[in-house]
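Encoded as structure tokens, the structure appears first; notes follow it.
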There are 2 protein chains.
Amino acid sequence: MPITKTSKEEIIAEALRVFRKKGYYNTSMSDLATQCGLQKGSFYHYFPSKEILMAEILKNVNSYLNTKVFSIAFQDQIAPKERMEKMLIRLGKVLLSQEGGCIAGNTTLETAGQNTIFKAILKNIFTDWTNAMKHIFIEVYSENTAQRLAEQAVMEFEGAVMFSLLFDSDQYLKDVFTRTLGKFK
Amino acid sequence: MPITKTSKEEIIAEALRVFRKKGYYNTSMSDLATQCGLQKGSFYHYFPSKEILMAEILKNVNSYLNTKVFSIAFQDQIAPKERMEKMLIRLGKVLLSQEGGCIAGNTTLETAGQNTIFKAILKNIFTDWTNAMKHIFIEVYSENTAQRLAEQAVMEFEGAVMFSLLFDSDQYLKDVFTRTLGKFK
DNA sequence: GTCTATATCAAGATAGAC
DNA sequence: GTCTATCTTGATATAGAC
């Protein structure tokens, strides 16, 4: 097999940045190609359509979060509070000061009402996220309470990302971190 | 002055619905014209550009919320909890089961990083919203706590709208209502 | 695997008749 | 105030040379 100058993974990483910053509809294939140092025509060698590219990106985000971030929630040998803190710190690196905020939240509000493919993957992302939080909360709270605390935390995170983007401050996100950790003694 | 068959206000109301459901970039002037029962050419008689139309819509939302919803927070003769409840019910009618969720949240995530005109108006909307909530909280909590509770509530609302859209359920929003009212004895 | 060239279509916006 | 017609641009996507 010949060495490929540009890999699918590199394109996915670059395209993710552009989509996160500019949004799905406002990003053109030309934008993406340019960002990858390719001509528009070359770009189609890797992905047959913008929709399929975005779907792959979202699936990629889903598995990245599962393996690199949410998996921390299941390291049961670590105490709940420390485990939550560890996960939040990792999560912060993915959300905090990322240009454009959270691709999952952005794409949900921009496309979830219209694109069933994206919607299915986004549901997975947020469900996995909620379940990870719940798995930690459940060690200190009842099943129902843990579920609601987890949902509440994720929703607050997304709201905080929105505020952070709008008011150009990371403080809102940091406050949510503090509040979430405050749920543990 | 001759009677106008279509008024600017009617267009703003219709366009708001379309933008909320389809998003800013994914909505075409043709979509908007059709929804208003006009030809594309006729539509430009009322608004010179899509951007200016959206800006007017957001300003309209801002003043609507201020006069019809957030003003409730300042009806100081009503007890804090009841006042909050009254405002939340009104807010629910604007956010709950509205096709497309919250135009302010949607437009923030879709455009706030790129369009300074929209961003300025959106900041006003969320600041006014936060201040209204704070005005009620401050009767029961300290200045700082009231500020953070207000921000937290608004952020949770926006996160809940996102979940409601994604999982096709109003429950998340209702839970936030309950939690917010729970802050009062 | 990358390029240039191009087909096709829809978008934002304008002109001018009625 | 509404219409039809049109201009111009930029979008997605494809074809085929290198």
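Letters go in sequence order (proteins before strands), and every chain restarts at 1.
For B:Y141, there are no ring-ring contact (aromatic ring centres under 6.0 Å, His included) partners two or more places apart in sequence or in a different chain. Partners of A:K174 according to the side-chain hydrogen bond (donor to acceptor under 3.5 Å, both in side chains) rule, which considers only residues two or more places apart in sequence or in another chain, do not exist here.
Taking atom OH of B:Y46 as the reference point, atom C1' of C:dA13 lies 18 Å away to the nearest angstrom. Regarding B:L32, its CG atom lies at a distance of 11 Å from the P atom of C:dA11, rounded to whole Å. Rounded to a whole Å, the NE2 atom of A:H45 is 9 Å from the C1' atom of C:dT2.
Electrostatic pairing of A:K21 and A:D31 does not count as a salt bridge here, judged by no charged N lying under 4.0 Å from a carboxylate O.
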Using atom types as modelled, flag every donor-acceptor pair under 3.5 Å from a side chain in residues 53-60 of chain A to any protein atom, sequence neighbours excluded.
none

Counting only pairs under 3.5 Å, give me each side-chain donor-acceptor contact of residues 151-158 of chain B, with atom names and distances, residues two or more places apart or in other chains.
| from | atom 1 | to | atom 2 | distance (Å) |
| --- | --- | --- | --- | --- |
| B:E151 | OE2 | B:Q147 | NE2 | 2.8 |
| B:Q152 | NE2 | A:E156 | OE2 | 3.3 |
| B:E156 | OE1 | B:R179 | NE | 2.8 |
| B:E156 | OE1 | B:R179 | NH2 | 2.7 |
| B:E156 | OE2 | A:Q152 | NE2 | 3.3 |

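Taking side-chain N and O atoms only, B:Q39 has no distance below 4.0 Å to OP1 or OP2 of D:dT2.
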* Asked: For nucleotides 11-18 of chain D, read 5' to 3', which letter fits each nucleotide if B means a protein heavy atom sits under 4.0 Å from the base, S means only the sugar-phosphate is that close, and - means neither?
  -> SBBB----
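The side-chain hydrogen bond (donor to acceptor under 3.5 Å, both in side chains) contacts involving residues 72-86 of chain B comprise B:Q75-B:K86, B:D76-B:R83, B:D76-B:H135, B:R83-B:E139, where partners must be two or more places apart or lie in separate chains.
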